Amino acid sequence: MKLSKKILSLLLAVIMLMTVGVTAFAEGESDTSKKFTIISSNVAGLPIPAMFDENGKVVSQTQKIMGTLLNESGVDIVCVQEDFQYHSVLAKQMTNYPYTTFTSGGIPVGDGLNIFSKYPIYNIDRVAWEEFNGILDAANDGLTPKGFLKCTADIDGVLVDIYDIHVDANGSYEDCMAKKAQFKQLCAYMDENSAGRPIAITGDYNALLHGDIAAELYPIMIQGAGFNDGWTLFCNDGVYFTGYLSQEEIAYYDAKWGGYYWGHWDSVERLLFRDGDGTNMTVTDFKYIDYNQLAGQQVTDHNVMVGELTIDTTGYVRPDMELKTEEKKPAAWTFGHTIEMFLRSLSLLITDLIAKLTAGTLF
């Protein structure tokens with residue numbers, strides 16, 4: 001009888017040890033794994049009157065629709081581009097996002113970039129591109145201070161630097177040279193301001209891995225800076241495009257992903273990410289969503305990109321850094337900045353006009 005009790009006690013002790021071990025392991029897994037979703041949307045908020053828009057969009061109405069769809073997306077962090085004159089309309093719909101950036105203004109004052117987040121965001125910084133192509137032509141990229149918006153998001157205790165970017169449009173050689181310079185500028189900034197932290201970069205890259213080769217997206221951002229591309233890893237088995245595709249290959253991908261690359265595969269809406277000290281980040285979901293179809297009308301010329309990133313934080317030590325919330329600029333500063341940006345645009349317009357008239361290339 002005593003032997004039976006000893007055996008029973010031993011079995012109970014083993015079971016208890018196993019239970020504690022399993023529980024501790026499960027708790028360890030949850031403590032060292034964080035997950036967040038991020039969306040990139042070019043909301044097409046350019047202040048173009050409906051009579052001049054090829055689709056007849058009424059921008060004040062489309063911004064309300066875009067804001068409603070984004071607010072109902074359920075995504076943790078929303079990064080938008082071309083959020084200009086109708087920012088207040090868009091932002092009013094974003095009731096599910098308590099942490100937001102203040103708008104930098106409409107054209108030609110602001111950059112059109114904003115972030116809406118369910119996680120706290122700090123250390124907001126806006127940087128304009130030093131090089132660009134186009135004032136009176138080539139998509140008029142220089143008429144507003146396009147560039148990138150950076151913040152540090154607190155993802156359940158893990159500090160992740162989020163970048164929302166808008167790169168030069170079009171695909172001429174001059175455009176690609178501008179894109180190349182912008183990617184290099186971005187990398188130099190991150191080396192100085194995001195060293196050691198995990199990084200996610202989304203936005204309107206206006207660059208493809210299977211096209212715009214002269215922009216050197218792959219050599220600069222992936223080979224050189226060590227970033228991973230979300231679409232490539234999740235949708236293309238990790239196989240990177242490093243040059244132009246043949247017509248047969250393009251036809252294959254069009255058929256596989258349901259249409260022309262724009263908003264379907266290897267599109268300009270991208271998600272690049274990179275590990276930081278003590279973290280390992282992987283893409284666990286990636287997709288494009290047609291908001292025009294959801295809205296039942298033309299609201300933007302870009303499909304929305306949604307990505308999910310999982311961060312393994314084994315060995316992660318939260319950096320001891322100052323975290324500042326963004327404060328709204330005083331009215332006097334805003335007025336002075338507005339005048340400065342208008343004068344900048346006017347100067348660029350006059351300079352470009354004179355150069356084109358002199359060269360005989362205006363018409």
Side-chain angles (χ1 to χ4, degrees), residues 29-30 33-45 61-83 86-101 103 113-122 124 149 151-165 198-204 229-231 233-235 257-258 263-265 267-273 281-313:
E29 279 190 324
S30 62
S33 181
K34 313 294 182 184
K35 185 179 292 185
F36 71 97
T37 49
I38 189 167
I39 196 168
S40 173
S41 175
N42 185 317
V43 297
Q61 295 177 9
T62 60
Q63 296 312 283
K64 183 176 182 179
I65 295 170
M66 290 296 293
T68 301
L69 290 172
L70 290 169
N71 188 58
E72 295 172 352
S73 68
V75 175
D76 296 319
I77 299 174
V78 177
C79 297
V80 299
Q81 308 87 46
E82 291 191 11
D83 177 19
Y86 296 95
H87 169 76
S88 60
V89 177
L90 180 81
K92 187 177 180 180
Q93 317 309 315
M94 304 292 287
T95 55
N96 292 328
Y97 295 86
Y99 307 100
T100 68
T101 53
T103 178
L113 302 171
N114 280 299
I115 294 175
F116 303 86
S117 177
K118 293 182 179 180
Y119 291 105
I121 55 176
Y122 305 96
I124 312 299
L149 168 61
C151 74
T152 298
D154 188 338
I155 310 294
D156 293 329
V158 180
L159 299 182
V160 180
D161 279 2
I162 307 293
Y163 285 79
D164 182 14
I165 74 174
I199 301 172
I201 314 170
T202 189
D204 184 352
D229 178 71
W231 180 84
L233 266 61
F234 192 79
C235 301
W257 296 107
H264 292 97
W265 58 275
S267 190
V268 297
E269 305 85 6
R270 314 200 73 91
L271 173 61
L272 266 60
F273 61 94
M281 192 147 51
T282 56
V283 58
T284 43
D285 195 13
F286 188 97
K287 56 193 170 188
Y288 293 112
I289 301 175
D290 186 349
Y291 269 27
N292 292 329
Q293 185 178 44
L294 290 179
Q297 67 180 84
Q298 185 80 24
V299 292
T300 180
D301 59 348
H302 288 257
N303 277 2
V304 166
M305 179 226 80
V306 183
E308 180 184 75
L309 293 171
T310 299
I311 313 171
D312 178 7
T313 58

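Values in this document were obtained by computation on a predicted structure and should not be read as measured data. The analysis underlying the following values was restricted to heavy atoms, covering all of them including side chains, and did not include hydrogens, waters or symmetry mates.
Shortest non-hydrogen contact noted between Leu159 and Thr152 is CB-CG2, 4.0 Å. Closest heavy-atom contact between Asp83 and His87: OD2-ND1, 2.6 Å. For Ile77 against Ala153, the heavy-atom pair with the smallest separation is CD1-CB, 4.3 Å.
With Asp76 contributing its side chain and Phe36 its backbone, the two residues share no donor-acceptor pair below 3.5 Å. Glu72 contributes no side-chain N or O that, together with a main-chain N or O of Gly74, makes up a donor-acceptor pair within less than 3.5 Å. When atom types are taken as modelled, the side chain of Asp204 and the backbone of Asn42 share no donor-acceptor pair closer than 3.5 angstrom.
In the model, Asn114 has no side-chain atom that pairs as donor or acceptor with a side-chain atom of Thr100 under 3.5 Å. Between Asn292 and Gln297, the side chains place no donor N or O within less than 3.5 Å of an acceptor N or O (distance only, hydrogens not considered). A side-chain donor-acceptor contact under 3.5 Å links Gln81 and Ser40. Looking at Ser33 and Asp312, their side chains never bring a donor and an acceptor atom within 3.5 Å of each other.
In this structure the side chain of Tyr97 reaches within 4.5 angstrom of the side chain of Val75, judged on heavy atoms. In this structure, the side chains of Asp229 and Arg270 come closer than 4.5 Å at one or more pairs of heavy atoms. In this structure, the side chains of Ile311 and Lys35 stay at 4.5 Å or more apart for every pair of heavy atoms. For the pair Ile38 and Val306, the minimum side-chain heavy-atom distance is 4.5 Å or more. Put simply, the side chain of Trp257 reaches to within 4.5 Å of the side chain of Cys235, judged on heavy atoms. In this structure, Ile39 and Thr37 have side chains that are not in contact, with every pair of non-hydrogen atoms separated by 4.5 Å or more. For the pair Leu149/Tyr163, no side-chain contact is recorded, criterion being any heavy-atom separation below 4.5 Å from C-beta on. Counting heavy atoms from C-beta on, the side chains of Phe273 and Val283 come closer than 4.5 Å.
Exactly one residue among Leu271, Thr284, Thr282 makes a side-chain contact (heavy atoms from CB on, under 4.5 Å) with Leu309. That residue is Leu271. Under the side-chain contact (heavy atoms from CB on, under 4.5 Å) test applied with Thr101, the options Ile124, Leu113, Asp164 reduce to a single match, Ile124. Of the residues listed (Ser117, Cys151, Pro198), the one engaging Ile162 in a side-chain contact (heavy atoms from CB on, under 4.5 Å) is Cys151, and it is the only one.
Separation of atoms CD (Glu82) and CD (Gln63) is listed at 9.5 Å; rounding is to 0.5 Å. Distance check, rounded to the nearest 0.5 Å: OH of Tyr119 to CG of Asp154 gives 9.5 Å. Residue Leu294 holds its CG atom at 9.5 Å from CG of Asn303, rounded to the nearest 0.5 Å. Expressed to the nearest 0.5 Å, how far CG of Leu70 lies from CD1 of Ile65 amounts to 12.0 Å.
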Could you give me the CA-CA distance, side-chain angles and deciding distance for Lys64 and Leu90, then say whether side chain to side chain contact (heavy atoms under 4.5 Å, CB included) is met? CA-CA 5 Å; Lys64 183 176 182 179; Leu90 180 81; over 6 Å; no
Determine, stepwise, if the pair Asn71 / Thr95 fulfils side chain to side chain donor-acceptor pair (under 3.5 Å). CA-CA 7 Å; Asn71 188 58; Thr95 55; 3.2 Å; yes
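Remark: Tyr288 pairs with Phe286 by the ring pair (Phe, Tyr, Trp, His ring centres under 6.0 Å) rule, at least two apart or across chains.
Classified by interplanar angle (parallel below 30°, tilted 30° to 60°, perpendicular above 60°), the ring pair Trp231/Trp265 is tilted.
Judged by a 6.0 Å distance limit and a 45° cone about the ring axis, Lys118 is not positioned over the six-membered ring of Tyr99.
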